[in-house]
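Predicted, not measured: the structure shown is a model, and the values here were computed from it. Below, chain A is the first sequence line, B the second, and so on; all start at residue 1.
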Amino acid sequence: MIRWGYPCENVTLDASTNHTLQLRNAREERIREKFEQNLRDLWRMLEWNVQQGIALFRIGQHLVPFASHPSFPYDWYAAHADALRSVGEFAREHGLRLSMHPSQYVNVGSPHAEVVERSLAELRYSARVLEALGLPDCVLIVHLGGVYEGHASTGRRLVQHLRGEEQILRWLALEHDERLWSLRQVLPVAEQLGVPVIVDNLHHRLNPDGLTLREAVRLGISTWNGRRPKLHLSSQEEGKRPGAHAGRICPEDLHELLDALDGAEVDIMVEAKDKELAVLPLLGRS
DNA sequence: TACGGTCAAGGTAGT
DNA sequence: ACTACCTTGACCGTA
């Protein structure tokens, strides 16, 4: 049985975990309001997901807006951990799996110390959210970011910067991308860190690096070491930049991935502009 | 209330 | 050297 999910927003409910504000307005009171709004919407979406049989959900990075910013004004963990633990209890009761996925600004392999520090701050924030949920199977997904003087030295630096960050590594999974880091290039980095890899069908099509999707899926799944593997599924938006997400999943892409999976028990995050609407037709498939 | 300019952050690619 | 683009549009001042 495959479990499905979608990221951050639900267009049916008009709900989102990414309500935010501009930095110049980021005073404690306003941030708390945004968090409460994100939390309310998160509850609405998770309850709806349970009704629909959707087990996966990605929490947006703006859950606590500017939580990783140096000028953040209060102890968000102390203030919000109880509320997050309640969400985690609900997720546990209903067998939901939650994840987070920071943006391209996270660049742990950067040669610039300030960039690395900001990146780690964002990852530590994300890891603390997952810790507060109190669930065993959350995932924190990141791309490898830029390539500076080559993959080898960038990868070495990334491993160096994350080594010892046990609170992050506990949740971390690395994802390949459609231009700079192929699955083959990500695998050794992930192995050195002892973290699994997310395979994404569209990234792989645009940057296969000599592997078939079936081979990529097999390699990716093997990095999960008995934990339930997680993958991404999306379709190309025709006429837009390669890699741009379409509103829905086209049947060919679905079947190609299901075929490559060869019956494996996995979780699949659907990345589509229409969010949950792209997931509903897939439920019960596999 | 609707509109349009603006928003923390890094890096790549195209001009 | 400059700009558009990217995860994900949401916010906010102004009319």
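Two rings, from A/W181 and A/H143, have their centers 6.0 Å or more apart. When ring centroids are compared, A/F35 and A/H62 stay outside the 6.0 Å threshold. Taking the six-membered ring wherever Trp is involved, the centroid distance between the rings of A/H176 and A/H232 does not fall below 6.0 Å.
A close approach under 4.0 Å does not occur between any side-chain nitrogen or oxygen of A/H62 and OP1 or OP2 of C/dC11. Checking the phosphate oxygens (OP1, OP2) of B/dC7, no side-chain nitrogen or oxygen of A/R24 falls inside 4.0 Å. Side-chain nitrogen and oxygen atoms of A/N107 include none within less than 4.0 Å of the OP1 or OP2 phosphate oxygen of B/dA9. Under 4.0 angstrom from either OP1 or OP2 of B/dA8 there lies no side-chain N or O belonging to A/S68.
Atoms NE2 (A/H101) and P (C/dT7) sit 9 Å apart, rounded to a whole Å. Rounded to a whole Å, the CD atom of A/E117 is 16 Å from the C1' atom of B/dA8. When rounded to the nearest whole Å, the span between CD of A/E114 and C1' of B/dA9 equals 12 Å. Atom C1' of nucleotide C/dT7 and atom NZ of A/K273 are separated by 13 Å, given to the nearest angstrom. In this structure, A/Q104 atom CD and C/dG9 atom P are separated by 13 Å, rounded to whole Å. Remark: P of C/dT7 and CE of A/M269 are 15 Å apart, rounded to the nearest angstrom. Note: CD (A/E178) to C1' (B/dG11) measures 13 Å, nearest angstrom. Remark: C1' of B/dG10 and CZ of A/R157 are 14 Å apart, rounded to the nearest angstrom.
Note that CZ of A/R44 and CG of A/N10 are 8.0 Å apart. Values are rounded to the nearest 0.5 Å. To the nearest 0.5 Å, atom CG of residue A/L42 and atom CD of residue A/E47 are 9.5 Å apart.
When only modelled atom types and interatomic distance are considered, A/Y125 and A/Q61 share no side-chain donor-acceptor pair under 3.5 Å.
Taking every heavy atom of residues 31-61 of chain A and every atom of DNA chain B, no pair lies under 4.0 Å.
Residue-to-nucleotide proximity on DNA chain B shows that, of A/E122 and A/S110, the 5′-proximal contact is made by A/E122. Ranked by how close their nearest DNA chain C nucleotide is to the 5' end, A/Q22 and A/N18 are led by A/N18.
Nearest to the side-chain atoms of A/S103 among the listed nucleotides B/dG11, C/dC12, C/dT7 stands C/dT7. When each of C/dG13, C/dT7, B/dG10 is scored by its nearest atom to the side-chain atoms of A/V115, the top-ranked nucleotide is B/dG10.
For B/dT12 and C/dT7, the C1' atoms lie 16 Å apart once the distance is rounded to whole Å. Between the P atoms of C/dC12 and C/dT8, the separation comes to 22 Å (whole Å). Nucleotides C/dA4 and B/dC7, compared at atom P, are 15 Å apart to the nearest Å.
The side-chain contact (heavy atoms from CB on, under 4.5 Å) test with A/S235 is passed by exactly one of A/V270, A/D253, A/L202: A/D253. The only option from A/M269, A/H203, A/E175 that meets the side-chain contact (heavy atoms from CB on, under 4.5 Å) definition with A/I198 turns out to be A/E175. Of the listed residues (A/I141, A/D267, A/I59), just one forms a side-chain contact (heavy atoms from CB on, under 4.5 Å) with A/S99, and that residue is A/I141.
Among the atoms of the strands shown, only primed sugar atoms or phosphate atoms (P, OP1, OP2) are found under 4.0 Å from some heavy atom of A/H19. Among the protein residues, A/H245 comes within range of the sugar-phosphate backbone only, with heavy atoms under 4.0 Å from sugar or phosphate atoms but none that close to a base. Among the atoms of the strands shown, base atoms are found under 4.0 Å from some heavy atom of A/H69.
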Give each protein N/O atom lying under 3.5 Å from an N/O atom of nucleotides 12-15 of chain B, with the pair distance.
{"unit_1": "B/dT12", "atom_1": "OP1", "unit_2": "A/V147", "atom_2": "N", "d": "3.0"}
{"unit_1": "B/dT12", "atom_1": "OP1", "unit_2": "A/V147", "atom_2": "O", "d": "2.7"}

Checklist entry - Is there a side-chain hydrogen bond (donor to acceptor under 3.5 Å, both in side chains) between A/E9 and A/T17 once you walk through the steps? => result CA-CA 7 Å; A/E9 292 166 51; A/T17 54; over 6 Å; no

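The hydrophobic clustering, which links ILVMFWY residues whose side-chain heavy atoms are closer than 4.5 Å, places A/L231 and A/F57 together.
In this structure, the aromatic ring of A/Y105 is positioned over the six-membered ring of the base of B/dA9, centres within 5.5 Å and planes within 30°.
Taking the centre and axis of the six-membered ring of A/Y74, the NZ or CZ atom of A/R32 falls inside the cone set by 45° and 6.0 Å.
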Next on the checklist: Could you write out DNA chain C as dot-bracket? Rules: Watson-Crick or G-U wobble, both distances under 3.5 Å, brackets [ ] for crossings, | for pairs with another strand, dot for unpaired.
Outcome noted: ||||||..|||||||

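Other residues, nucleotides and ligands contribute over 12 non-hydrogen atoms within 6.0 Å of the CZ atom of A/R228.
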